[in-house]
Protein chains: 2
Amino acid sequence: MHASTVSLTTPPFNPPTGLHARSFARHRAVSFYEAETEIYAQGERGGAVYRIEYGAVRLYRLLADGRRQVVAFYIAGETFGFEARPMRSFFAESIAPTGLTTIDTEGVDCCPSDLMSLALASMVRAQEHLSVVGRQSALEKLAVFLVDLHDRHRGDGRIALPMTRIDIGDYLGMTIETVSRSFSKLRAMGIIRLESTRSVEVLNLKRLRLMGE
Amino acid sequence: MHASTVSLTTPPFNPPTGLHARSFARHRAVSFYEAETEIYAQGERGGAVYRIEYGAVRLYRLLADGRRQVVAFYIAGETFGFEARPMRSFFAESIAPTGLTTIDTEGVDCCPSDLMSLALASMVRAQEHLSVVGRQSALEKLAVFLVDLHDRHRGDGRIALPMTRIDIGDYLGMTIETVSRSFSKLRAMGIIRLESTRSVEVLNLKRLRLMGE
DNA sequence: CGCCCCATTGAGACGTTTCAATGGATGTGG
DNA sequence: CCACATCCATTGAAACGTCTCAATGGGGCG
């Protein structure tokens, strides 16, 4: 799978409104990545972070036995790509058609505090992800996952799921069958409604939160 | 459990040699924490990070059902306490008698790159921890844990385990019984030798690494 | 329209958790 | 200094939940 990215100043379809690269520059070129496209690869040289204007991205690493650990999902408005080493520790791929703006971090030895904040936000996200993956049953994991997406999405009760069940499984540390069964169980409990496999409506957010812990 | 810390310039017993706060200041007061002492609590205001001169620290959070997720262990020479929010997201406690130097990060809106590096190192550590906890069997998890400690400890084949089996279990997402059984299994395989419950000798590092993946 | 991948559901195998008992190490008080 | 209490660690047996293997269904794209 190779990156075949096209750099555009305007996306080829309607991007969500109200999302502009207002953090670091007034106007900035938006790179377009079609779905399932590599943004950077493990082992590559770093030196930049990315802000998602629209779409979604997964960060993952490959284990020696071929398994895949999805470390994080990022959606519109979020920034990813912070790495400690000069080399990338993870792969980054677009999940859906995605527009990115690039923020160069090359050679900054004194970084602005808002960049530091974004990096730290990524760290806390990772540490909280730990609390979810490490313990709890499959049902609880999925509940936390959905609540997290709900809060980040800040929409009504409708959650878009750009990622596949495989992605979710690799993120939560369980098989796709268990993911699927857990969705069905939440539905049977009247907590969610599956509008489609890629869209969930939360019927009872309170109970969903309670399941998380 | 309340912090009863004593600020000293010299620790009350022999600290490991060769460990001085050389990163940010030439001489700095070393605060002493006896074993099992709170360094900071979830919900507290942040504003500082800590460098471990000797001893060990655990970072954890409490879940609503009373379970505990240990997010990280830190040992001598390492720095912890990076947080994205003004409030602490985790508890930090000394595991063994520990000496810390404090690095104030209050009100820095332009942080030095080496501080940024330390923060990013914490993030990568957390993300790699994910790969371990999320998947793999109990035996593999413990193998990765021991290899990690081995590499950080940079000693010979002897690994000090300042933490209890409970800590390890809460860190790897498994019960203490499974932790214990996994230790026994590694020993039966001739890969490790348990000098005591708190000290492990690695007999076959290569095989131990292979188990991790 | 048909193929292919993704998602769902079922049944059995496997591994971890739970419950329980024992042993060992440590620290305290008689 | 020994007895005892307490906490931690180990080990066993059964219960539970997830994984594996398998079959079916559904949606998207060529």
Side-chain angles (χ1 to χ4, degrees), chain A residues 1 13 34-36 58 63 65-70 95-97 132-143 145-146 159-189 192-200 211, chain B residues 1 34-36 58 63 65-70 95-97 132-143 145-146 160-189 192-200 211:
Chain A
M1 201 186 300
F13 62 95
E34 56 184 320
E36 301 296 323
R58 67 175 156 247
L63 306 179
D65 59 1
R67 292 173 309 188
R68 192 184 64 157
Q69 173 65 48
V70 173
I95 298 172
V132 178
V133 172
R135 299 188 157 264
Q136 304 179 103
S137 68
L139 208 60
E140 292 171 307
K141 286 187 197 177
L142 186 61
F145 172 72
L146 291 175
I159 302 173
L161 297 175
M163 68 291 288
T164 66
R165 298 288 187 268
I166 299 176
D167 286 325
I168 298 174
D170 288 344
Y171 179 71
L172 296 177
M174 51 206 236
T175 61
I176 59 171
E177 293 94 332
T178 303
V179 173
S180 190
R181 273 184 258 267
S182 300
F183 267 115
S184 300
K185 216 169 283 183
L186 287 177
R187 186 189 42 179
M189 296 168 79
I192 63 171
R193 196 170 72 83
L194 288 167
E195 303 185 326
S196 73
T197 62
R198 299 301 181 87
S199 178
V200 179
M211 303 205 64
Chain B
M1 203 185 300
E34 56 184 322
E36 303 294 323
R58 66 174 157 248
L63 305 180
D65 58 2
R67 290 173 311 188
R68 191 182 66 154
Q69 173 65 48
V70 174
I95 298 172
V132 178
V133 172
R135 299 184 159 267
Q136 305 180 104
S137 68
L139 208 60
E140 292 172 307
K141 285 187 198 177
L142 186 61
F145 172 72
L146 291 176
L161 297 174
M163 67 291 288
T164 66
R165 298 288 187 269
I166 299 177
D167 285 325
I168 298 174
D170 287 346
Y171 179 72
L172 295 177
M174 53 206 235
T175 61
I176 59 170
E177 293 93 334
T178 303
V179 172
S180 189
R181 272 185 258 268
S182 300
F183 267 114
S184 301
K185 215 170 284 183
L186 286 178
R187 185 189 41 178
M189 297 168 78
I192 64 171
R193 195 170 74 82
L194 288 168
E195 304 186 326
S196 75
T197 61
R198 297 302 180 86
S199 178
V200 179
M211 303 206 64

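By convention in this document, chain letters (A, B, ...) are assigned in the order of the sequence lines, proteins followed by strands, and residues within each chain are numbered from 1.
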Check your understanding: From the list D:dT20, C:dT17, D:dT10, which nucleotide is the closest neighbour of the side chain of B:T175?
Key ->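 It is C:dT17.
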
Exercise for review: Provide the closest heavy-atom pair for B:L142 versus B:V179 in the form atom of the first, atom of the second, distance.
Suggested key: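 Result for this residue pair: CD2-O, 4.2 Å.
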
Expressed as a whole number of angstroms, how long is the span from [X]:[atom1] to [N]:[atom2]?
{"X": "A:F183", "N": "D:dT18", "atom1": "CZ", "atom2": "C1'", "value": "17 Å"}
{"X": "A:R67", "N": "D:dC19", "atom1": "CZ", "atom2": "P", "value": "12 Å"}
{"X": "B:L194", "N": "C:dG24", "atom1": "CG", "atom2": "C1'", "value": "14 Å"}
{"X": "B:K185", "N": "C:dT16", "atom1": "NZ", "atom2": "C1'", "value": "10 Å"}
{"X": "A:L139", "N": "D:dT18", "atom1": "CG", "atom2": "C1'", "value": "13 Å"}
{"X": "B:E140", "N": "C:dT16", "atom1": "CD", "atom2": "C1'", "value": "14 Å"}
{"X": "A:E195", "N": "D:dG26", "atom1": "CD", "atom2": "P", "value": "19 Å"}
{"X": "B:I168", "N": "D:dC8", "atom1": "CD1", "atom2": "P", "value": "13 Å"}

Quick one, [X] and [Y] - any side-chain contact, counting heavy atoms below 4.5 Å?
{"X": "B:F183", "Y": "B:I192", "result": "yes"}
{"X": "B:D170", "Y": "B:R58", "result": "no"}
{"X": "B:M174", "Y": "B:S182", "result": "yes"}
{"X": "A:K141", "Y": "A:L139", "result": "no"}

Exercise for review: Output yes when a side-chain donor or acceptor of B:E36 lies under 3.5 Å from a complementary backbone atom of B:A96, and no otherwise.
Suggested key: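 The answer is no, because no donor-acceptor pair under 3.5 Å joins these two groups.
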
Between the protein and nucleotides 21-24 of chain D, are there any N/O to N/O pairs under 3.5 Å, and if so, what are the atom names and distances?
| residue | atom | partner | partner atom | Å |
| --- | --- | --- | --- | --- |
| D:dC21 | N4 | A:E177 | OE2 | 3.1 |

Atom pairs, protein N/O to nucleotides 3-7 of chain C N/O, distance under 3.5 Å:
| residue | atom | partner | partner atom | Å |
| --- | --- | --- | --- | --- |
| C:dA7 | OP1 | A:R165 | N | 3.1 |
| C:dA7 | OP2 | A:R165 | N | 2.9 |

Point to revise | side-chain N/O A:S184 vs C:dT8 OP1/OP2, d < 4.0 Å | key: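 So the side chain of A:S184 is outside the cut-off, no N or O lying under 4.0 Å from OP1 or OP2 of C:dT8.
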
Exercise for review: Determine the contact category for A:G169: base if any of its heavy atoms lies under 4.0 Å from a base atom, sugar-phosphate if only primed atoms, P, OP1 or OP2 are that close, otherwise nothing.
Suggested key: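 Answer is nothing: A:G169 stays at 4.0 Å or more from every strand.
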
Check your understanding: Just checking B:S137: base, sugar-phosphate only, or nothing, at a heavy-atom cut-off of under 4.0 Å?
Key ->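 Sugar-phosphate: the residue B:S137, judged by heavy atoms under 4.0 Å, touches backbone atoms but no base.
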
Check your understanding: With a 3.5 Å cut-off and no angle check, do the side chains of B:S199 and B:S196 form a donor-acceptor pair?
Key ->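 B:S199 vs B:S196: no donor-acceptor pair found between side chains.
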
Review point. If you measure only the distance, is there a donor-acceptor pair under 3.5 Å linking the side chains of A:E140 and A:S137?
Key: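 A:E140 vs A:S137: donor-acceptor pair found between side chains.
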
Point to revise | From CZ (A:R198) to CZ (A:R165), nearest 0.5 Å | key: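 Those atoms lie 7.5 Å apart.
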
